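These numbers were taken from a predicted model, which means no experiment stands behind them. Quick note on labels: first sequence line is chain A, next is B, and so on, each numbered from 1.
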Amino acid sequence: MDLPMGAVAGDEDVVLRIGGSPENVRTARLVAAAVARREGLPEDRVDEVRIAVGEAVTWALNTITDRAVEVVLGPGGRGEHAARTFVVRVGGGLALLSSDATGLPEEGGDDLAVALLRGLADDVHVDGDVTVLSWRDLP
Amino acid sequence: MDLTLATRTVGDRTVVEVGGEIDVYTAPQLRSQLNDAVADGARHIVVDMTGTDFLDSTGLGVLVGGLKRVRTMDGDLELVCSSEKILKVFRITGLTKVFTIHSSLDEALASSAGDGRADSGGSAG
């Protein structure tokens, strides 16, 4: 499968293709939580992954109309540092990373989603049209 | 888990019990429930999230929308939530400063009954 996110899925990665219905976001959350658990994240961090992946996939579904959202989940930190990282890549674009939730946000406003992503993951950045979320220091 | 919703009246409060998962798929149901309550005259709403086990930004947006709506009518919308993982969502988004969050329904009802709400309308800055 082509991965539009410029990422190469490793042997340990799980790749999801999520169709356009919001009902499917729940499935993405469940799978993300299961993979995070498999990678050894403690349960409070699994919850963070579950929520953050839901937010990122929801965002992506809102910006993609003609194709599936693709999610790659798996261990990162294969570099020189020993600390292992759990990384989630969600294809679909995220352009509002600079905003913060302050005061009373607009209903359905993206600032809540951004605040959640920033607050839950150890690192959030955009790589092309891919939202990259990571959690550090896995056991 | 699907969303479960139930609305009942306790004194001058309208209690909306929300169970299950509030997310992008189910949040429209909650929005409708709150809209219906307001249309039926509810101005002082307590959303009881004791049975809620998931909340995302779409659900937060619906709650914020409900709060804004009742505030324009000198009403209020307060929450009941004791789940640490749900409270974390409110803290991260800064909404603990926006909502009054009670740890139990009894606390919410007792608080609302004695806080002098009747003369507090219109003074919010």
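- The backbone N or O of B:Y25 sits nowhere less than 3.5 Å from a side-chain atom of A:E23 that would complete a donor-acceptor pair.
- Each of A:V25, A:V57, A:N24 was compared with B:V24 under the side-chain contact (heavy atoms from CB on, under 4.5 Å) criterion, and only A:V25 meets it.
- Side chains of A:L120 and B:K88 form a contact here, defined as non-hydrogen atoms less than 4.5 Å apart.
- Tested against A:I51, the residues B:V89, B:L55, B:D23 include a single side-chain contact (heavy atoms from CB on, under 4.5 Å) partner, B:V89.
- For the salt bridge (Lys or Arg N to Asp or Glu O under 4.0 Å) condition, no pair includes a residue of residues 34-46 of chain B, sequence neighbours left out.
- Annotation: cation-pi pair A:R50/B:F54 absent, no NZ/CZ under 6.0 Å from the ring centroid and within 45° of its normal.
- In this structure, A:L112 CG and B:L95 CG are separated by 5.5 Å, a value rounded to the nearest 0.5 Å.
- When the side chains of ILVMFWY residues are joined at heavy-atom separations under 4.5 Å, either directly or via intervening members, A:L30 and A:V14 end up in two distinct hydrophobic clusters.
- The residues A:R26 and B:D2 are annotated as salt-bridged, a charged nitrogen and a carboxylate oxygen being separated by less than 4.0 angstrom.
- A:L116 contributes atom CG, which lies 6.0 Å from atom CG of B:L60 (distance to the nearest 0.5 angstrom).
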